[in-house]
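Data block below; observations after.
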Amino acid sequence: MPELLIAGARVVDPFQGTDEHADVLVSRGRIAEVGRGIGREGREVLEASGLVLAPAFLELHAHLREPGDEDAETLETGLEAALRGGYAAVCCMPNTRPPLDHPAVVSGLAARARALGLADLYVVGCITRGREGRDLADLGLMHACEARVRAFSDDGAGVEDAGIMRLALQYASAFGGLIISHPEDARLSRGGQVNEGAASVALGLRGIPSLAEEVMVARDILLAEETGGRLHLAHISTARSAAMVREAKERGVRVTAEVTPHHLVLSERDIGDYDTSYKMSPPLRTPADVAALREALRDGTIDAVATDHAPHRREDKEKEFDYAPFGVVGMESAFPVLYRELVEGGELTLMRLLEALTRGPAAVLGLEPPDYGGGIVVGARADLVLLDLEEEWTLDATRFASKGRNCPFHGRAVKGRVACTIKGGRVVHGGGGGGRRG
Amino acid sequence: MAERRHLLDIDDLDRDGIERMLDMARSFAEVLRRPIKKVPSLRGKTVANLFYEPSTRTRLSFELAAKRLSADVLNFTASASSVEKGESLKDTALTLEAMGVDAVVVRHPVAGAPWLLRRWTEATILNAGDGMHAHPTQALLDLFTMRERLGDLEGRTVAFVGDVLHSRVARSGMKACRAVGMEVLAVGPPTLLPPAPVEGVEYVHDFEAALPRCDVIYMLRMQRERQQEGRVPSLEEYTRFYQLNAERMGRARPGALVMHPGPMNRGVEIAGEVADAPYAAVTAQVTAGVAVRMAALFTLLGGAEGGSEVA
Ligand SMILES: [Zn+2]
Ligand SMILES: [Zn+2]
């Protein structure tokens, strides 16, 4: 493989906090040189003037549906979707059929992903056996096996039994395991379809109160505080959840949190004509919640943006609102939507957005070089994205690599595109033309 | 081609539209009093009744309305089990489309189903009740009944009493009453009222205190299910505080009208003596139903545009 020279890009590196124009030379999968006027002879050249070069993204929260629901997504389509979205690595959630609760299952899945050679896969294991919420799964064995599971979650449902959650946080702390909470009290959310309040009243659908999330956020923060375990709160969606995380961090609790692009950009007011592409868990909240989440992302209370990519079969989503499953796809729309709405909208710096897609999730997961991260420095693995920030285009879910078409941003005008994804020094998506089009 | 018209919720009509619909319903009510209760207005049109939820009363009312207008009527009753078997709403919509149906009257247990049908077929859609969301023809027939009994409704006060939270009748009814300038109260325990404010609607928990203000007392059906959900401690307790009985009627404004969408739980939300009293308009509501649905079908299916005479 010849050396690859990425020439003339604006290099934005949230790991170093740097933003400058430079050439980047990639050799044998790693970054060999960063500087100006690097020689071109004998090297493959990727003309990148007018583009932003950044570390490739890390997805903390995706549902890849394998095993059991390959009609909805497969490792192959999911990891290809990741590359198109600019992600070099993806954490997959264990609510599959069967669930990912055993070393043999997680190892098998990890091996399949390695063989595909697309984005890297980090398997998230179940907290409880069979995701039933009763007995701890073999957390230590999953961590020790070939797949090296570092995070555990019963995502899709909250762990109802506070005693089990407490044990999980205690037990996993022995090996630095991360417990990912899906904060939802099922007794409070039962039967709900959309946010309780203006949306549930206007649409005549059953409501999911903010409290269903907040009581579990409060509980899990207290449990993490007492056990000293590492807690990560998935997809927080309310102003009060964000405030509790902020306050817990100030107290020194080992808690991190993620937010999805849809909760940052859409509110309950966008649901409109019962389009089930707007049905997700947690539900879209109020405009005030959206504003609070943006502020929490800005000030670092929220560590990462994660898409909660949840593909569903078309027939399953083309149903009456109550009958359709929760969830929307997100990996291929995340960057352009967030860039257009938050960075162009003046609410977030490009640096902070990129940080929330790279360094933030890496810190949550405890990933360090050489697995992931380090930024655009000599010796780091060449997992990179080239971003065209000028391109204005329209999102078309029918052209996604993901099998999922359930995207609330379908048809939305966006700005900014992942022009090229480079993984281990190889161009794995885009990069055909070189330089900015038009 | 003219844009397809639908009646999905009462706010598809502005105040003028509501008034025109009620005026037309009055003409049809006259037709219904004739010896031959039929007009040729919708001859050659096909109306499908698509009922995913049993409701003999509403289905018969729509069926009769369509037949009085000389339309052909197809009845589809779909059970929850046929939905389980994978017969999706979309498949059914495509079937109706292939049959060349002009209008679909749909009743469905899930809110929003008529909006999905609108997306999937070319037919005119009439919402005959979706989940706990909307029931626009019920709202129209209720307004019709109030107007026949009380005259001008501007400034009058109506109380919707009971399970407002789960009631599509109340949701569309409150909007309709607001639209024609009425004051609207929602009366019930906090657990049975909507969890957010509804524009122009005042929430009241004390039924007795509200009664002297009311020109119309609209009693809602209390479902046993709500007690099982724990929203009221017991039906006995509910009855004690929210039943409309003769004694409470004594506190109401003179000439106040009692309404109920039916079927009534006599002895629960309404005492038998009240249900049968002359101030109760329950049977008048049923009669109004056919005339109002004739007006809705006639208006939506282009009868009004053609300028053909109603009577
Ligand atoms: Zn979740
Ligand atoms: Zn999830």
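Since this is a predicted model, take the numbers as computed values, not measurements. Just so it is clear: chains get the letters A, B, ... in the order the sequence lines come, proteins before strands, and each one is counted from 1.
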Within the supplied structure, the quantity of interest is the number of heavy atoms (other residues, nucleotides, ligands) at a distance under 6.0 Å from [X] [atom1]; does it exceed 12?
{"X": "B/R15", "atom1": "CZ", "answer": "yes"}
{"X": "A/E70", "atom1": "CD", "answer": "yes"}
{"X": "A/R240", "atom1": "CZ", "answer": "no"}

Q) Which one of B/L89, B/L8, B/L165 has the most heavy-atom pairs closer than 4.5 Å to chain A? A) B/L89
Q | Heavy-atom pairs under 4.5 Å with chain A, option from B/A111, B/G131, B/A196 with the top count | A | B/A111
Q | Neighbours of chain A found in residues 180-193 of chain B - heavy atoms under 4.5 Å | A | none
Q: Tell me, please, which residues at least two apart from A/R219 pass salt bridge (charged side-chain N to carboxylate O under 4.0 Å, His left out).
A: none
Q. Once you round to the nearest 0.5 Å, how far does OG of B/S88 lie from NZ of A/K319?
A. 8.0 Å
Q: Identify the heavy atoms of A/F321 and B/V110 that sit nearest to each other, and give their distance.
A: N-CG1, 3.8 Å
**Q.** Any residue of residues 196-209 of chain A which, by heavy atoms, sits under 4.5 Å from chain B
**A.** A/E196, A/G197, A/A198, A/S200, A/V201, A/A202, A/L203, A/G204, A/L205, A/R206
**Q.** Heavy-atom contacts under 4.5 Å, residues 272-282 of chain A to chain B
**A.** A/D273, A/Y274, A/D275
(Q) Quick check on B/E199 against chain A: is it the side chain, the backbone, both or neither that has a heavy atom closer than 4.5 Å? (A) neither
